[in-house]
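As the structure is a computational prediction, the values presented were derived from the model and not from experiment.
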Amino acid sequence: MESIIGGSVTLSLAVFVIAGLTIALCGVTITVRAERLAYSTGLGQAIVGAVFLGAMTSLSGLVTSLTAAYEGHPQLAVSNAVGGIAAQTTFLALADMAYRRANLEHAAASEANLVQGGVLIMLLAVAVLAGHTPDVTWFGLHPISVMLFGAYLLGLKLTSGAHQQPMWYPKQTHETHEEPQRQQRPPRRRLLRLWTEFLLLAVAVAVSGWVLAEASLELVALTGLSEGLVGTLFTATTTSLPEAVIAIAAVRRGALTLAVGDIIGGNTFDVLFLSLSDLFYRQGSIYHAVTHQQSFWLVLSLVMAAVLMLGMLRREKYGVANIGFESALMLLLYLGGVVVLVSS
């Protein structure tokens with residue numbers, strides 16, 4: 001990859017932009033397939049958005065973090081992960097702006113999304129704890145990384161159970177949007193085609209993530225910018241573009257639960273970037289190789305997730321600029337974090 005980029009800032013930026021556009025365009029196409037799969041399989045928009053769509057659109061970010069960790073750049077790997085979580089949560093506020101009838105968290109009420117929000121807070125809290133534990137590894141892996149995987153799998157089980165056998169139902173209002181129910185099972189050939197297209201698009205997103213990582217490392221080397229700044233603002237935002245596009249596109253199509261589920265599900269999956277990056281980072285525990293910048297953004301992401309959780313519980317119909325209090329507060333938190341990062 002270095003020979004292709006050739007040590008040029010201009011060429012590195014061009015490769016970065018092309019990879020980012022590929023990720024965004026694939027994200028748009030994946031949205032349509034995911035909505036059809038949610039209806040055709042009967043899994044529901046919250047499950048498809050949280051598990052399949054959230055994971056698939058996060059592949060570019062995952063590959064970016066793994067590449068950085070493997071090549072000995074832990075700050076870039078972690079910054080990309082936590083910066084992506086913060087950016088994607090902010091994108092939900094942008095999607096809220098795109099839905100004019102009511103606050104998005106009010107209209108897309110879902111127990112599955114609420115459970116996912118709780119799982120996200122738990123995973124982020126465990127990741128925060130990792131930096132305050134002894135710097136030990138087992139076969140190159142910190143014990144917290146194993147705990148994160150176990151907690152994520154438990155979260156998937158809880159989310160699935162919430163969809164299949166909900167223990168409570170959100171109060172229905174005129175603004176509450178209910179997703180359509182499957183009437184009959186579609187032909188097997190059609191379902192197979194949907195899954196194939198979905199997976200091929202996911203591969204394209206993953207490859208673009210690797211290209212983006214290499215271009216980012218080249219930019220760090222050529223420009224002298226810190227890995228934390230490049231990872232948090234540039235690679236994290238770029239690899240999170242599918243979530244932004246998907247959330248807004250899904251809202252426009254009326255798939256509100258899918259939009260919220262994709263963001264929250266993608267964020268829970270992004271926490272696993274830390275575990276997998278720890279596995280690929282061979283110099284020790286990746287949690288102890290980061291700076292205060294990465295720790296700050298990890299805690300900031302936790303605060304933003306808690307605000308989103310409160311918004312889903314409160315279900316405010318209207319607020320400032322026709323968005324909920326949680327969307328306005330998440331925007332302020334993210335902008336404040338950017339100011340702190342740039343000035344530090």
Undergrad: May I ask whether Ile121 and Leu129 are part of the same hydrophobic cluster, defined by side-chain heavy atoms of I, L, V, M, F, W, Y residues being less than 4.5 angstrom apart, directly or through others?
TA: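 The answer is no; the residues belong to distinct hydrophobic clusters.
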
Undergrad: Do Ser226 and Gln293 have side-chain heavy atoms sitting under 4.5 Å apart?
TA: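 Yes, close enough: below the 4.5 Å cut-off.
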
Undergrad: Should we count OH of Tyr70 as having more than 12 external heavy atoms under 6.0 Å?
TA: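 Counting other residues, nucleotides and ligands, OH of Tyr70 stays at 12 neighbours or fewer.
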
Undergrad: To the nearest 0.5 Å, tell me how far Leu94 CG sits from Leu331 CG.
TA: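 Rounded to the nearest 0.5 Å, the CG-CG separation comes out at 6.0 Å.
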
Undergrad: Does Ala68 offer a backbone N or O that forms a donor-acceptor pair with the side chain of Glu71 under 3.5 Å?
TA: no

Undergrad: Do Phe16 and Ser216 have side-chain heavy atoms sitting under 4.5 Å apart?
TA: yes

Undergrad: Compare every heavy atom of Leu124 with every heavy atom of Ala305, then report the nearest pair and how far apart it is.
TA: CB-CD1, 4.1 Å

Undergrad: How would you list, by chain and number, every residue that makes a side-chain hydrogen bond (donor to acceptor under 3.5 Å, both in side chains) with Thr223, sequence neighbours excluded?
TA: none

Undergrad: Applying side chain to side chain contact (heavy atoms under 4.5 Å, CB included), run through Leu21 and Val17 and close with a yes or a no.
TA: CA-CA 6 Å; Leu21 289 175; Val17 171; 4.1 Å; yes

Undergrad: Could you walk me through whether Ile85 and Met304 pass the side chain to side chain contact (heavy atoms under 4.5 Å, CB included) check?
TA: CA-CA 9 Å; Ile85 295 172; Met304 294 177 70; over 6 Å; no

Undergrad: So, taking the atom named CG in Leu120 and the one named CZ in Phe269, what distance separates them when rounded to the nearest 0.5 Å?
TA: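 The CG atom of Leu120 sits 14.0 Å away from the CZ atom of Phe269.
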
Undergrad: Answer yes or no: is there a donor N or O on one side and an acceptor on the other, between the side chain of Glu326 and the main chain of Gly311, under 3.5 Å?
TA: no

Undergrad: Kindly work out whether a path of hydrophobic side-chain contacts (I/L/V/M/F/W/Y, heavy atoms less than 4.5 Å apart) joins Leu154 to Met309.
TA: yes

Undergrad: Search all heavy atoms of Ala69 against all heavy atoms of Ser277 and return the closest pair with its distance.
TA: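 Heavy atoms of Ala69 and Ser277 come nearest at CB-O, 3.4 Å.
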
Undergrad: Tell me if a side-chain donor or acceptor on Thr268 pairs with a main-chain N or O of Gly265 at a distance below 3.5 Å.
TA: yes

Undergrad: Taking the side chain from Ser79 and the backbone from Thr232, do they hold a donor-acceptor pair closer than 3.5 Å?
TA: no

Undergrad: So, His142 versus Ser145: side-chain donor-acceptor pair below 3.5 Å or not?
TA: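 Not at all, the side chains of His142 and Ser145 share no donor-acceptor pair under 3.5 Å.
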
Undergrad: Keeping the roles fixed (side chain from Thr237, backbone from Phe234), state whether a donor-acceptor pair exists under 3.5 Å.
TA: no

Undergrad: Determine whether Thr89 and Asn267 satisfy the following criterion, side chain to side chain donor-acceptor pair (under 3.5 Å), listing intermediate values before the conclusion.
TA: CA-CA 8 Å; Thr89 306; Asn267 282 346; 3.0 Å; yes

Undergrad: Apply side chain to side chain contact (heavy atoms under 4.5 Å, CB included) to Ile144 and Met147, showing your working.
TA: CA-CA 5 Å; Ile144 289 292; Met147 292 178 59; 3.8 Å; yes

Undergrad: Using 0.5 Å steps for rounding, measure from the CG atom of Leu272 to the CG atom of Asp278.
TA: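 The CG atom of Asp278 is 12.0 Å from CG of Leu272, to the nearest 0.5 Å.
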
Undergrad: Are Leu335 and Phe325 grouped together when hydrophobic residues (ILVMFWY) are joined by side-chain heavy atoms under 4.5 angstrom apart?
TA: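 Looking at the clustering, Phe325 is in a separate group from Leu335.
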
Undergrad: For the pair Ser343 (side chain) and Val340 (backbone), establish whether a donor and an acceptor sit closer than 3.5 Å, ignoring hydrogens and angles.
TA: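 Checked: pair present.
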
Undergrad: Does Thr64 have any side-chain contact (heavy atoms from CB on, under 4.5 Å) partners at least two apart in sequence or in another chain, and if so, which?
TA: Asn80, Leu212, Ala213, Thr235, Thr239

Undergrad: Please step through side chain to side chain contact (heavy atoms under 4.5 Å, CB included) for the pair Val63 and Val211, ending with a clear verdict.
TA: CA-CA 9 Å; Val63 175; Val211 175; over 6 Å; no

Undergrad: Side chains of Pro143 and Val136: closer than 4.5 Å at any heavy-atom pair?
TA: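 Counting from C-beta outward, Pro143 and Val136 do come under 4.5 Å.
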
Undergrad: If you look at every heavy atom in Tyr152 and Leu123, which pair is closest and at what distance?
TA: N-CD2, 3.9 Å

Undergrad: Return yes if some donor-acceptor pair links the side-chain N/O of Ser301 with the main-chain N/O of Val82 below 3.5 Å, else return no.
TA: yes

Undergrad: For Gly61 and Phe273, which heavy atoms make the closest approach, and how far apart are they?
TA: C-CE2, 3.4 Å

